[in-house]
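The structure appears right after this line, and notes come after that.
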Amino acid sequence: MEKNTSHHVERRSRDGTHDGIELHPYFHENNWDLARLTESAQAAIAREHALSFREAVKYWPKALFFSIGISTTLVMEGYDTGLINSFFGLPQFRQFYGQELPDGTYQFSLAWQSAISSMASVGGIFGLLLAGQIVDRIGYRWTMFFGLAWLTAAIFLTFFAQNVRMLFVGNLLCGVPWGIFQSVASSYAIDTAPLVLRPLMTSYISLCWAMGQFISTGVLKGLLDREDQWAYRIPFAIQWFWPIPLAIITAFAPESPWYLVRKGQMAEARQALRRLGSKYTTEDQLDNNVAMIYVTNEHERMIEQGTSYLELFRGVNLRRTEVAVGAWICQVTCGNWFGGNVTYFMEQAGASAHTAFAFGLGMNAVSCIGTIASWFLTPRVGRRPMYLWGLVGMLATLLTVGFLGIPSPTSVKLSWACGGILILNMLLYFLTVGPVCFTIVPEVPAARLRNKTVAVARAAYNVCGIGASFLNPAILNPLAWNLKAKGGLVWSGFCILSVVWVYFRFPETKGRTPLELDTLFERKTRTRDFGTTHIDATEMADAAVADTAQVSTKVVEAQKMEVEA
């Protein structure tokens, strides 16, 4: 439960009278009045806009370090996702878990390949919704510890799996903590990052995912020459390396100051900000940030009825939820699931296992390069143009691959050309759509609903991902549709729908503080006007503090009524 205790102070209104206003005891104890609260919130907003990248790193280096540390948990998700998809191209894995065909080779049935591919997404849905609840109760740090402990135990089942059913259940259980990590990493990055660092700290999650896939492909390529079961058991065992160093980083990380303010722990929130800063961070800057967080939180309390999942679909929050969910769904429908299976695609096109994994390794390296390049583009270009034009570029690559797959039989040269274009497809994805999604999804919700919005949005992605996990194997598997490169035409249809939605519904959030985004959504600003609409910081802070006063006054009146009763 949030602490709603407040204390009475006097404020002189514009007409010269005094209004009875209630503030949290922390501000009374430190001789704050509403005028100072307003000025401090305004100063923090102005400082957020004025801070350069270099200054942000100078003043908030530990925020960068701890956000990166916690987000690194997503390397494990990328690693295992890449591992499972690449395993289907590993002969030793297919021989142990698959079924023998008349020609002496081994393959998975379409049902088992789809089921195993989708189980991490199913587990992730449970993890995301679970995180949305327990973070509000125990905070980000303890939720991370819980997820790391769960994953350490779940890896045992995949490592010792003796049949495809054990592998199925193990992948399901591993998906739960990955869902938890996804929710926590995005929200913690936004909660701790200065405005100018948010694109870097949120899109770093996309880099973690790409790095995980790069590592998994590299590990499998190095084990191709092994003929025994360790060719696929060693990659599973490597997952045990990550939890210990990540738990150590989490142990030293401060709790989110936004979470602490929501719990009424103002002094602890200020101390958390101090731990996220450096010796250059002044006491006034800490006070101003606490004021901004408090004012934003109270302003949102005035507008919203609570912090339940139901609140995501009420009033202005419905639009914010739509943007977050739509951004994630576009990640599935843009066709990256098709491009991400380049290893299996090349093998079915006739390439050797070594050649196919070399293609996969090259694709993962390009993905990492694309994400790093996005750090320089997104702050300059903005979220909306990057997302829209990235989808248009990916649509062009999908159509090209699809048309190249029409000639039958497909020549070796065409197969190699398709593989190269799929690598370009993934470069565009990790340059634009991938990292930008990780940035805008935690930016667009109300601060009080951020963790739950991220959880629901990512869960929607996982649901669509389950569908993609059944569709993509059917497209590529020689025991099913066996469309090969022509599958690009199937995915291009979904990509067109994504382009249309982004054009009409995807807003620009570049350079906007949480309080400014609150104002834009409350005013029902048109999608294409989000990036250009001017908001007066003084007027906005005054209105927010007025809302704070109303919230606090209602709380005290309710308390008085309870006492009288």
*Where Ser71 and Met201 come nearest, the two heavy atoms and their spacing*: OG-O, 4.2 Å

*Under 6.0 Å between the ring centres of Trp60 and Phe65?*
no

*Leu173 vs Trp150, side-chain contact (heavy atoms from CB on, under 4.5 Å): CA-CA, chis, key distance, verdict*: CA-CA 8 Å; Leu173 294 178; Trp150 182 307; 4.3 Å; yes

*When you look at Leu148 and Trp242, which way does the side-chain contact (heavy atoms from CB on, under 4.5 Å) test go after all the steps?*
CA-CA 9 Å; Leu148 289 169; Trp242 296 101; over 6 Å; no

*Under 4.5 Å between any side-chain heavy atoms of Val261 and Trp258, yes or no?*
no

*asked:* Any heavy-atom pair between the side chains of Glu77 and Leu151 that's under 4.5 Å?
replied: no

*Could you pull out the closest heavy-atom pair between Leu398 and Cys495, with the gap in Å?*
CD1-CB, 4.1 Å

*asked:* If you compare all heavy atoms of Leu431 against all heavy atoms of Ala373, which two are closest, and at what distance to 0.1 Å?
replied: CD1-CB, 3.6 Å

*asked:* Below 30° counts as parallel, above 60° as perpendicular, anything between as tilted: where do the rings of Phe156 and Phe160 land?
replied: parallel

*Heavy-atom distance under 4.5 Å between the side chains of Val219 and Tyr79, does that happen here?*
yes

_With a 4.5 Å cut-off on side-chain heavy atoms, are Ile466 and Ile125 touching?_
yes

*Ring geometry between Tyr461 and Trp328 (parallel below 30°, tilted from 30 to 60°, perpendicular above 60°)*: tilted

_Donor-acceptor check, side chain of Arg274 to backbone of Thr281, threshold 3.5 angstrom: yes or no?_
yes

_Looking at Phe126, I want to see if its CZ is surrounded by more than 12 non-hydrogen atoms of other residues, nucleotides or ligands under 6.0 Å._
no

*Is Val366 close to Met426 at the side-chain level, that is, under 4.5 Å between some pair of heavy atoms?*
no

*Strictly under 6.0 Å, is that where the ring centroids of Trp240 and Phe159 end up?*
yes

*List for me each residue that meets ring-ring contact (aromatic ring centres under 6.0 Å, His included) alongside Phe66, sequence neighbours excluded, and say none if there are none.*
none

*Residue that, paired with Phe430, satisfies ring-ring contact (aromatic ring centres under 6.0 Å, His included) out of Trp375, Phe214, Trp209*: Trp209

_Salt bridge check, Glu311 against Lys452: does any charged N sit closer than 4.0 Å to a carboxylate O?_
no

*Looking at CD1 of Ile70 and OG of Ser187, how far apart are the two atoms once the value is rounded to the nearest 0.5 Å?*
11.0 Å

_Quick check on salt bridge (Lys or Arg N to Asp or Glu O under 4.0 Å): which of Arg450, Arg198, Arg383 does Glu443 satisfy it with?_
Arg383

*Smallest separation among heavy atoms of Ser256 and Asp191, with atom names*: OG-OD2, 2.7 Å

*Any side-chain heavy-atom pair of Phe236 and Leu167 under 4.5 Å*: yes

*Around Arg165, counting heavy atoms of other residues, nucleotides and ligands shown, do more than 12 lie under 6.0 Å from its CZ?*
no

*Using the side-chain contact (heavy atoms from CB on, under 4.5 Å) rule, take Asp80 and Met76 through it: C-alpha gap first, then chi angles, then the decisive distance, then the call.*
CA-CA 6 Å; Asp80 193 81; Met76 289 185 290; over 6 Å; no

*Main-chain N/O of Leu129 paired to Tyr309 side chain as donor or acceptor, under 3.5 Å*: yes

_Heavy-atom closest contact (Met144 atom, Thr250 atom, distance)_ = CB-CG2, 3.8 Å

*Check whether any side-chain N or O of Thr509 sits under 3.5 Å from a backbone N or O of Ile440 as a donor-acceptor pair, and report yes or no.*
no

*Nearest atoms (heavy-atom pairs only) where Leu471 meets Trp491*: CD2-CZ2, 3.9 Å

*Examine the side chains of Tyr429 and Ser367 and answer whether a donor and an acceptor come within less than 3.5 Å of each other.*
no

Just distance, no hydrogens or angles: give the donor-acceptor pairs under 3.5 Å from side chains in residues 174-185, sequence neighbours left out.
{"from": "Gln182", "atom 1": "NE2", "to": "Ser186", "atom 2": "OG", "distance (Å)": "3.4"}
{"from": "Ser183", "atom 1": "OG", "to": "Asn451", "atom 2": "OD1", "distance (Å)": "2.9"}

*asked:* Please report the interatomic distance CD1(Ile68) to CD1(Ile205), rounded to the nearest 0.5 Å.
replied: 11.0 Å

*Rounded to the nearest 0.5 Å, what's the gap from CD1 on Ile134 to OG1 on Thr143? Could you check?*
4.0 Å

*What is the distance from atom CG of Leu200 to atom OG of Ser374, rounded to the nearest 0.5 Å?*
9.0 Å

*When you look at Thr371 and Cys368, which way does the side-chain contact (heavy atoms from CB on, under 4.5 Å) test go after all the steps?*
CA-CA 5 Å; Thr371 302; Cys368 294; 5.9 Å; no

_Within-4.5 Å side-chain heavy-atom neighbours: Thr378 and Ser203_ = no

*Quick one: CG on Leu428 to CD1 on Ile423, what's the gap to the nearest 0.5 Å?*
12.5 Å

*Could you tell me whether the side chain of Tyr387 and the main chain of Ala327 form a donor-acceptor pair under 3.5 Å?*
yes

_Can you tell me how far apart CE (Met386) and CG (Leu391) are? Round to the nearest 0.5 Å._
11.5 Å

*With sequence neighbours excluded, tell me which residues meet ring-ring contact (aromatic ring centres under 6.0 Å, His included) with Trp142.*
Phe145

*Going by heavy atoms in the side chains, are Arg320 and Asn317 under 4.5 Å from each other?*
yes

*Sole candidate of Leu197, Val436, Thr439, Val441 that passes side-chain contact (heavy atoms from CB on, under 4.5 Å) when paired with Thr202*: Thr439

